[in-house]
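Excluded from the calculations below are hydrogen atoms, water molecules and symmetry mates; all remaining heavy atoms, backbone and side chain alike, are included. When a ligand or atom number is given, it counts from 1 through the structure's own listing order.
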Amino acid sequence: MSGPPPPRGRHHVKVNVDTTVCSGHARCNAVAPEVYDLDDLGYCRIPSPEVAPEHEKAARDGAAACPERAITIEA
Ligand code: F3S
């Protein structure tokens with residue numbers, strides 16, 4: 001047994017960008033600027049890998065928008 005599951009919708013998710021895969025399409029930032037930032041060269045930068053529950057959908061939408069599949073989300 002591993003204890004009760006976390007309460008639904010209250011846990012933070014973790015966002016990770018594989019910088020070796022990101023090619024600067026900037027779609028993540030266009031879809032979810034509250035989660036994904038861009039550096040000076042236009043590559044994805046994540047100010048905080050811990051995403052608040054209210055931004056989880058935006059984080060997932062941004063990840064789905066990346067044509068390189070550079071973004072992974074850990075629940
Ligand atoms: Fe990079 Fe994909 Fe965003 S290539 S800039 S993580 S849309």
Side-chain angles (χ1 to χ4, degrees):
M1 294 294 271
S2 58
R8 272 185 178 273
R10 295 305 312 158
H11 64 291
H12 284 52
V13 294
K14 273 196 176 165
V15 179
N16 181 61
V17 60
D18 186 338
T19 53
T20 66
V21 175
C22 173
S23 329
H25 289 285
R27 302 265 297 271
C28 52
N29 176 256
V31 169
E34 64 271 58
V35 177
Y36 303 103
D37 213 346
L38 300 177
D39 68 13
D40 291 345
L41 298 174
Y43 292 98
C44 181
R45 209 174 56 86
I46 297 172
S48 165
E50 296 260 314
V51 175
E54 61 266 34
H55 290 155
E56 179 177 345
K57 185 180 183 305
R60 292 188 186 282
D61 289 348
C66 175
E68 305 292 340
R69 295 283 177 263
I71 300 168
T72 50
I73 295 185
E74 245 178 74

*Do you know which two heavy atoms are closest between Ile73 and Ala63, and how far apart they sit?*
CD1-CB, 4.0 Å
*By residue and atom, what protein N/O/S atoms are less than 2.8 Å from atom 3 (Fe) of ligand 1?*
Cys28 SG
*In chain order, what residues pass the side-chain contact (heavy atoms from CB on, under 4.5 Å) check against Cys22, with sequence neighbours excluded?*
Val17, Tyr43, Cys44, Ala70
*asked:* With a 4.5 Å cut-off on side-chain heavy-atom distances among I, L, V, M, F, W and Y, is there a chain of contacts connecting Val35 to Val13?
replied: yes
*Using the rule that two of Ile, Leu, Val, Met, Phe, Trp, Tyr join whenever any of their side-chain heavy atoms come within less than 4.5 Å, decide whether Ile71 and Val31 are in one cluster.*
no
_Could you identify the single nearest non-hydrogen protein atom to atom 4 (S) of ligand 1 and state the distance to 0.1 Å?_
Ser23 N, 3.2 Å
*State, to 0.1 Å, how close Arg60 and Ala75 come at their nearest heavy-atom pair, and which atoms those are.*
NH2-CB, 4.2 Å
*Identify the heavy atoms of Glu68 and Val21 that sit nearest to each other, and give their distance.*
O-CG1, 3.3 Å
